[in-house]
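See structure below.
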Amino acid sequence: ASDTDTCYNIGVGYKSACTLNEGDHNVFLGSYSGECATNGGCNVAIGYSAGKCSYNNSSQIFIGRGAGVNASSSGGLCANSIAIGAWAGGCKSHYDVFIGYHAGCSNVDGKYNVILGSAVGTGVTDGCCNIMIGRLTGCSVTTGNKNIFLGERAGQCVTSSCKNIFIGDYAGYSVSTFAAVGAENIVMGSGAGMCLGANAVRNIMIGSGAGETLKSGCCNIAIGPYA
């Protein structure tokens, strides 16, 4: 710490917490962990460069190389988030859970997201209330709220969507690479709904490959393998 009234902090490692001058009750372990942190309280950063440039944070947990490395906020407090894994939660986070290599690494203004898995939600910048679980799941999503993507590469090429449920490997994958998908679709099954586009709304597809060629349309129901 760089002053005499900063209290109850632990900094272990080269340049760990070396500029801290206001925050209290922080734990920084690892070279460069919390190096540029000047304020904030009750944070835990463990790993090389974990929370390195964190600023104005409270009650954050960063574990892993580069976890929360740029988790700073000049316009408001970043608080109550968990980022575990190399480079997870690399930018801002607010009430988020990011677990896995690069999970949620681009988040800026998103809140209340749960992102679990390797390279999951890597493009999310300001989505809220999303749940993404599985390798490369939702990795192209930049905006979108209240989605549930479960399974390897589920919704992988979707750039924006709201209130969709994609469950199963490659479900809602969007073979029209990097495309928006309409809202309120329910897609369950391996490879189901792979071609959904921006005009596909309120469809239900259940079964392996169900609705795999549907690109647009409203209120359709397809149940069964390749229905």
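All values below were derived from every heavy atom in this structure, side-chain atoms included, with hydrogens, water molecules and symmetry-related copies excluded.
For the atom pair OG1 of Thr6 and CD of Glu22, the computed distance is 7.5 Å after rounding to the nearest 0.5 Å. A distance of 11.0 Å separates OG in Ser31 from CZ in Arg65, rounded to the nearest 0.5 Å. From Met205, atom CE reaches atom CE of Met194 across 12.5 Å, with rounding to the nearest 0.5 Å. Here OG1 of Thr213 is found 12.5 Å from OH of Tyr226. Values are rounded to the nearest 0.5 Å. Separating the CZ atom in Phe62 from the CD1 atom in Ile82 is a distance of 10.5 Å, to the nearest 0.5 Å. Distance check: Ile167 CD1 to Ser190 OG gives 13.0 Å after rounding to the nearest 0.5 Å.
Inter-residue side-chain proximity for Val108 and Asp126 is flagged as unmet; no heavy-atom pair is nearer than 4.5 Å. Inter-residue side-chain proximity for Ile10 and Leu29 is flagged as met; some heavy-atom pair is nearer than 4.5 Å. Taking the side chain as every heavy atom from C-beta outward, Leu196 and Phe166 approach each other to under 4.5 Å.
Looking at Thr38 and Asn21, their side chains never bring a donor and an acceptor atom within 3.5 Å of each other. No side-chain N or O of Thr125 forms a donor-acceptor pair with one of Thr142 less than 3.5 Å apart.
Leu20 and Val12 fall into different hydrophobic clusters, where Ile, Leu, Val, Met, Phe, Trp and Tyr side chains are chained together by heavy-atom contacts under 4.5 Å. In this structure, Ile186 is a member of the same hydrophobic cluster as Ile131, with clusters built from ILVMFWY side-chain heavy atoms closer than 4.5 Å. Placement of Ile133 and Met188 within a single hydrophobic cluster is found when ILVMFWY residues are connected by side-chain heavy-atom separations under 4.5 Å, directly or transitively. One hydrophobic cluster holds both Val114 and Ile63 under the rule that ILVMFWY side chains link at heavy-atom gaps under 4.5 Å. Hydrophobic cluster membership is shared by Ile61 and Val97, with clusters built from Ile, Leu, Val, Met, Phe, Trp and Tyr side chains linked at under 4.5 angstrom.
With Asn107 contributing its side chain and Cys105 its backbone, the two residues share no donor-acceptor pair below 3.5 Å. A donor-acceptor distance shorter than 3.5 angstrom exists from the side chain of Asn9 to the backbone of Asn26, with no hydrogens or angles considered. At least one donor-acceptor pair under 3.5 Å links the side chain of Gln60 to the backbone N or O of Ser81. Side chain of Asn164 to main chain of Asn185: a donor-acceptor pair is present (N/O by atom type, distance under 3.5 Å, no hydrogens or angles). Between the side chain of Ser33 and the backbone N or O of Ser16, no donor-acceptor pair lies under 3.5 Å. Proximity of a side-chain donor or acceptor of Asn147 to a complementary backbone N or O of Lys163 within less than 3.5 Å is detected. Counting only distance, with no hydrogens or angles, the side chain of Asn113 and the backbone of Asn130 share a donor-acceptor pair below 3.5 Å.
For Tyr48, the ring-ring contact (aromatic ring centres under 6.0 Å, His included) partners two or more places apart in sequence, or in a different chain, are Tyr32.
Thr137 and Phe149 make their closest contact through CG2-CB, 3.3 Å (heavy atoms, listed as atom of the first residue, atom of the second, distance). The minimum heavy-atom distance linking Gly182 with Ser161 is given by the pair O-CB, 4.4 Å. Contact detail for Gly85 and Ala67: the closest heavy-atom pair is O-CB, 3.6 Å. In plain terms, the two heavy atoms of Gly168 and Ala154 that are nearest each other are O-CB, 3.6 Å. The shortest non-hydrogen separation linking His94 to Gly110 is CD2-O, 3.4 Å. The two residues Ala222 and Ala210 come nearest to each other via the heavy atoms O-CB, 3.9 Å.
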TODO: Evaluate the side-chain contact (heavy atoms from CB on, under 4.5 Å) criterion for residues Cys7 and Asp24: first the C-alpha distance (whole Å), next the side-chain angles of each, then the deciding distance (0.1 Å), finally the verdict.
DONE: CA-CA 5 Å; Cys7 303; Asp24 299 326; 3.9 Å; yes
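Within a 6.0 Å radius of NZ in Lys111, other residues, nucleotides and ligands contribute more than 12 heavy atoms.
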